[in-house]
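Every value quoted in this text rests on a predicted model; they were computed, and no experiment measured them. Side chains included, hydrogens not; waters and symmetry mates left out as well; all remaining heavy atoms used.
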Amino acid sequence: MINEGVDKSKRQFLTSALTVVGAIGTGYLAVPFLAQMQPSVKAMAAGAPVEVDLSKMEPGQLLRVAWRGKPVWILNRTPKVLDDLKSLDDQLSDPLSQASLQPTSSKNHFRSIKPELFVALGLCTHLGCSPTFRPEIAPSDLGAQWKGGFFCPCHGSKFDLAGRVYSGVPAPTNLEVPPYRYLSDTRLIIGEAPEEKAA
(Lines give C-alpha, C1' and ligand atoms only; values in the text may rest on other atoms or scores of the structure.)
Protein backbone atom coordinates (compact mmCIF):
# COMPACT_ATOMS: atom_id res chain seq x y z
CA MET A 1 0.00 0.00 0.00
CA ILE A 2 1.09 3.51 -0.69
CA ASN A 3 0.31 4.78 2.84
CA GLU A 4 2.61 2.26 4.49
CA GLY A 5 5.45 3.84 6.38
CA VAL A 6 3.89 7.35 6.28
CA ASP A 7 4.08 9.29 9.52
CA LYS A 8 0.50 10.48 9.93
CA SER A 9 1.40 12.97 12.67
CA LYS A 10 3.87 14.72 10.30
CA ARG A 11 1.22 14.77 7.58
CA GLN A 12 -1.30 16.28 10.01
CA PHE A 13 1.27 18.89 11.12
CA LEU A 14 2.13 19.85 7.54
CA THR A 15 -1.55 20.07 6.59
CA SER A 16 -2.28 22.29 9.61
CA ALA A 17 0.78 24.47 8.98
CA LEU A 18 -0.14 24.92 5.32
CA THR A 19 -3.70 25.85 6.30
CA VAL A 20 -2.44 28.49 8.76
CA VAL A 21 0.03 29.93 6.24
CA GLY A 22 -2.74 30.01 3.59
CA ALA A 23 -5.11 31.81 5.96
CA ILE A 24 -2.46 34.41 6.85
CA GLY A 25 -1.63 34.91 3.17
CA THR A 26 -5.32 35.35 2.35
CA GLY A 27 -5.56 37.93 5.15
CA TYR A 28 -2.57 39.87 3.78
CA LEU A 29 -4.20 39.93 0.37
CA ALA A 30 -7.65 40.87 1.69
CA VAL A 31 -6.57 43.80 3.90
CA PRO A 32 -5.30 46.06 1.06
CA PHE A 33 -8.25 45.06 -1.10
CA LEU A 34 -10.75 46.03 1.60
CA ALA A 35 -8.76 49.15 2.56
CA GLN A 36 -8.92 50.52 -0.98
CA MET A 37 -12.71 50.52 -0.70
CA GLN A 38 -12.56 53.05 2.16
CA PRO A 39 -12.50 56.76 1.30
CA SER A 40 -9.01 58.24 1.40
CA VAL A 41 -7.82 60.34 4.31
CA LYS A 42 -7.76 63.30 1.93
CA ALA A 43 -11.38 62.67 0.88
CA MET A 44 -12.53 62.34 4.49
CA ALA A 45 -10.66 65.51 5.47
CA ALA A 46 -12.15 67.47 2.55
CA GLY A 47 -15.59 67.42 4.13
CA ALA A 48 -14.42 67.75 7.71
CA PRO A 49 -14.95 70.91 9.74
CA VAL A 50 -11.98 73.30 9.87
CA GLU A 51 -10.79 75.04 13.04
CA VAL A 52 -9.37 78.54 12.66
CA ASP A 53 -7.24 80.50 15.14
CA LEU A 54 -8.26 84.16 15.16
CA SER A 55 -5.92 85.31 17.93
CA LYS A 56 -3.46 87.07 15.60
CA MET A 57 -5.96 88.76 13.29
CA GLU A 58 -5.56 92.52 12.93
CA PRO A 59 -8.48 94.91 12.32
CA GLY A 60 -9.13 95.06 8.56
CA GLN A 61 -7.30 91.78 7.90
CA LEU A 62 -8.75 89.10 5.61
CA LEU A 63 -7.84 85.50 6.45
CA ARG A 64 -8.26 82.80 3.81
CA VAL A 65 -8.79 79.12 4.64
CA ALA A 66 -10.02 76.11 2.66
CA TRP A 67 -13.10 74.06 3.57
CA ARG A 68 -14.53 71.30 1.36
CA GLY A 69 -12.17 72.40 -1.39
CA LYS A 70 -13.59 75.94 -1.41
CA PRO A 71 -12.03 79.21 -0.25
CA VAL A 72 -13.50 80.68 2.91
CA TRP A 73 -12.84 84.26 3.92
CA ILE A 74 -12.76 85.55 7.48
CA LEU A 75 -12.68 89.35 7.65
CA ASN A 76 -11.99 91.30 10.83
CA ARG A 77 -14.11 94.40 10.18
CA THR A 78 -13.33 97.75 11.78
CA PRO A 79 -15.95 99.95 13.48
CA LYS A 80 -15.76 102.29 10.46
CA VAL A 81 -16.62 99.40 8.10
CA LEU A 82 -19.58 98.43 10.30
CA ASP A 83 -20.86 102.02 10.19
CA ASP A 84 -20.41 102.20 6.41
CA LEU A 85 -22.46 99.01 5.90
CA LYS A 86 -25.58 100.80 7.13
CA SER A 87 -25.29 103.45 4.42
CA LEU A 88 -25.17 101.00 1.48
CA ASP A 89 -28.66 99.45 1.61
CA ASP A 90 -30.08 101.53 -1.25
CA GLN A 91 -27.26 100.36 -3.58
CA LEU A 92 -27.72 96.65 -2.87
CA SER A 93 -29.85 94.01 -4.55
CA ASP A 94 -30.69 92.10 -1.34
CA PRO A 95 -29.67 94.27 1.65
CA LEU A 96 -31.58 92.15 4.20
CA SER A 97 -30.31 88.85 2.73
CA GLN A 98 -33.78 87.44 2.14
CA ALA A 99 -32.77 85.47 -0.99
CA SER A 100 -29.28 84.48 0.15
CA LEU A 101 -27.72 81.45 1.80
CA GLN A 102 -26.59 81.91 5.36
CA PRO A 103 -27.27 80.10 8.65
CA THR A 104 -29.96 81.51 10.91
CA SER A 105 -27.25 82.75 13.28
CA SER A 106 -25.95 85.03 10.49
CA LYS A 107 -29.28 86.28 9.17
CA ASN A 108 -28.85 89.87 10.33
CA HIS A 109 -27.65 93.19 8.96
CA PHE A 110 -23.97 92.23 9.38
CA ARG A 111 -24.47 88.62 8.14
CA SER A 112 -22.38 87.30 11.01
CA ILE A 113 -22.57 85.93 14.54
CA LYS A 114 -20.24 88.67 15.83
CA PRO A 115 -20.56 91.96 13.91
CA GLU A 116 -16.81 92.49 13.57
CA LEU A 117 -16.04 89.03 12.13
CA PHE A 118 -17.49 88.16 8.73
CA VAL A 119 -17.22 84.59 7.38
CA ALA A 120 -18.16 83.77 3.77
CA LEU A 121 -17.39 81.45 0.90
CA GLY A 122 -15.01 83.29 -1.41
CA LEU A 123 -16.94 82.38 -4.55
CA CYS A 124 -18.98 84.72 -6.71
CA THR A 125 -22.61 83.64 -6.90
CA HIS A 126 -22.63 84.32 -10.64
CA LEU A 127 -20.28 81.67 -12.07
CA GLY A 128 -18.16 80.65 -9.07
CA CYS A 129 -15.10 82.81 -9.75
CA SER A 130 -13.16 84.06 -6.73
CA PRO A 131 -13.58 87.83 -6.24
CA THR A 132 -10.68 89.98 -5.10
CA PHE A 133 -10.62 91.77 -1.75
CA ARG A 134 -10.77 95.51 -2.41
CA PRO A 135 -10.79 97.30 0.96
CA GLU A 136 -9.70 100.71 -0.38
CA ILE A 137 -12.21 103.57 -0.39
CA ALA A 138 -13.29 105.14 -3.73
CA PRO A 139 -10.66 103.69 -6.08
CA SER A 140 -10.78 105.12 -9.59
CA ASP A 141 -11.87 101.83 -11.19
CA LEU A 142 -14.78 101.22 -8.78
CA GLY A 143 -16.09 104.76 -8.30
CA ALA A 144 -16.53 107.35 -5.60
CA GLN A 145 -19.35 105.41 -3.87
CA TRP A 146 -17.15 102.34 -3.21
CA LYS A 147 -16.58 101.85 0.53
CA GLY A 148 -14.58 98.65 0.30
CA GLY A 149 -15.73 95.17 -0.59
CA PHE A 150 -15.16 92.29 -2.97
CA PHE A 151 -14.92 92.71 -6.73
CA CYS A 152 -15.15 89.88 -9.26
CA PRO A 153 -13.06 90.96 -12.28
CA CYS A 154 -14.42 88.11 -14.44
CA HIS A 155 -17.83 89.73 -15.04
CA GLY A 156 -17.87 92.80 -12.81
CA SER A 157 -19.95 91.63 -9.83
CA LYS A 158 -19.47 93.69 -6.67
CA PHE A 159 -20.16 92.83 -3.02
CA ASP A 160 -19.88 94.97 0.09
CA LEU A 161 -17.90 93.94 3.19
CA ALA A 162 -20.89 91.91 4.40
CA GLY A 163 -20.88 89.96 1.14
CA ARG A 164 -24.08 91.66 -0.04
CA VAL A 165 -24.36 92.01 -3.82
CA TYR A 166 -24.74 95.40 -5.47
CA SER A 167 -27.69 96.03 -7.79
CA GLY A 168 -27.16 95.82 -11.54
CA VAL A 169 -24.33 93.25 -11.55
CA PRO A 170 -24.43 89.68 -12.91
CA ALA A 171 -24.27 87.95 -9.49
CA PRO A 172 -27.85 87.04 -8.47
CA THR A 173 -27.40 86.69 -4.69
CA ASN A 174 -25.16 87.67 -1.81
CA LEU A 175 -22.04 85.64 -1.02
CA GLU A 176 -22.86 82.41 0.79
CA VAL A 177 -22.13 82.23 4.51
CA PRO A 178 -21.16 78.68 5.53
CA PRO A 179 -22.22 77.12 8.83
CA TYR A 180 -19.76 78.05 11.56
CA ARG A 181 -19.60 78.51 15.30
CA TYR A 182 -17.22 79.88 17.91
CA LEU A 183 -15.25 77.50 20.11
CA SER A 184 -13.89 80.45 22.12
CA ASP A 185 -13.29 84.17 21.65
CA THR A 186 -10.27 83.41 19.47
CA ARG A 187 -11.24 80.14 17.73
CA LEU A 188 -14.02 79.24 15.34
CA ILE A 189 -14.93 76.11 13.46
CA ILE A 190 -16.22 76.19 9.89
CA GLY A 191 -18.62 73.42 8.94
CA GLU A 192 -20.60 73.23 12.17
CA ALA A 193 -23.60 75.41 12.95
CA PRO A 194 -24.07 76.83 16.45
CA GLU A 195 -26.50 74.98 18.66
CA GLU A 196 -29.97 76.42 18.39
CA LYS A 197 -31.40 77.62 21.69
CA ALA A 198 -34.80 76.22 22.63
CA ALA A 199 -37.58 78.81 22.69
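Residues Gln91 and Ser167 fail the side-chain proximity criterion, which asks for heavy atoms closer than 4.5 Å. In this structure, Arg64 and Pro71 have side chains that are not in contact, with every pair of non-hydrogen atoms separated by 4.5 Å or more.
Arg111 and Ser97 share a side-chain donor-acceptor pair at under 3.5 Å.
Atoms CG and CZ, from Leu54 and Arg187 in turn, are 8.0 Å apart once rounded to the nearest 0.5 Å. Atom SG of residue Cys124 and atom CZ of residue Phe159 lie 4.0 Å apart, to the nearest 0.5 angstrom. With rounding to the nearest 0.5 angstrom, the OG atom of Ser93 is 12.0 Å from the CD atom of Gln98.
When atom types are taken as modelled, the side chain of Ser112 and the backbone of Phe118 share no donor-acceptor pair closer than 3.5 angstrom. With hydrogens and angles ignored, the 3.5 Å screen pairs a side-chain donor or acceptor of Arg164 with a backbone N or O of Leu85.
Remark: Arg77 does not engage Asp84 in a salt bridge, criterion side-chain N to carboxylate O under 4.0 Å.
The ring-ring contact (aromatic ring centres under 6.0 Å, His included) test applied to His109 returns no partner, not counting sequence neighbours.
Hydrophobic clustering (ILVMFWY, side-chain heavy atoms < 4.5 Å, transitive): Val52 and Leu123 are in distinct clusters. The hydrophobic clustering, which links ILVMFWY residues whose side-chain heavy atoms are closer than 4.5 Å, places Leu101 and Leu75 apart. No continuous path of ILVMFWY side-chain contacts below 4.5 Å connects Ile189 to Tyr180, so the two sit in separate hydrophobic clusters.
Within the structure, ring pair (Phe, Tyr, Trp, His ring centres under 6.0 Å) contacts touching residues 75-101 (residues at least two apart or in different chains) do not occur.
Trp146 and Phe151 have their aromatic ring centers separated by at least 6.0 angstrom.
Ring geometry, Trp73 versus Phe150: the interplanar angle falls under 30°, so the pair is classed parallel (tilted spans 30 to 60°).
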Exercise for the section: Show your working on side-chain hydrogen bond (donor to acceptor under 3.5 Å, both in side chains) between Ser87 and Lys147 and close with a plain yes or no. Expected result: CA-CA 10 Å; Ser87 68; Lys147 296 186 178 183; 2.8 Å; yes
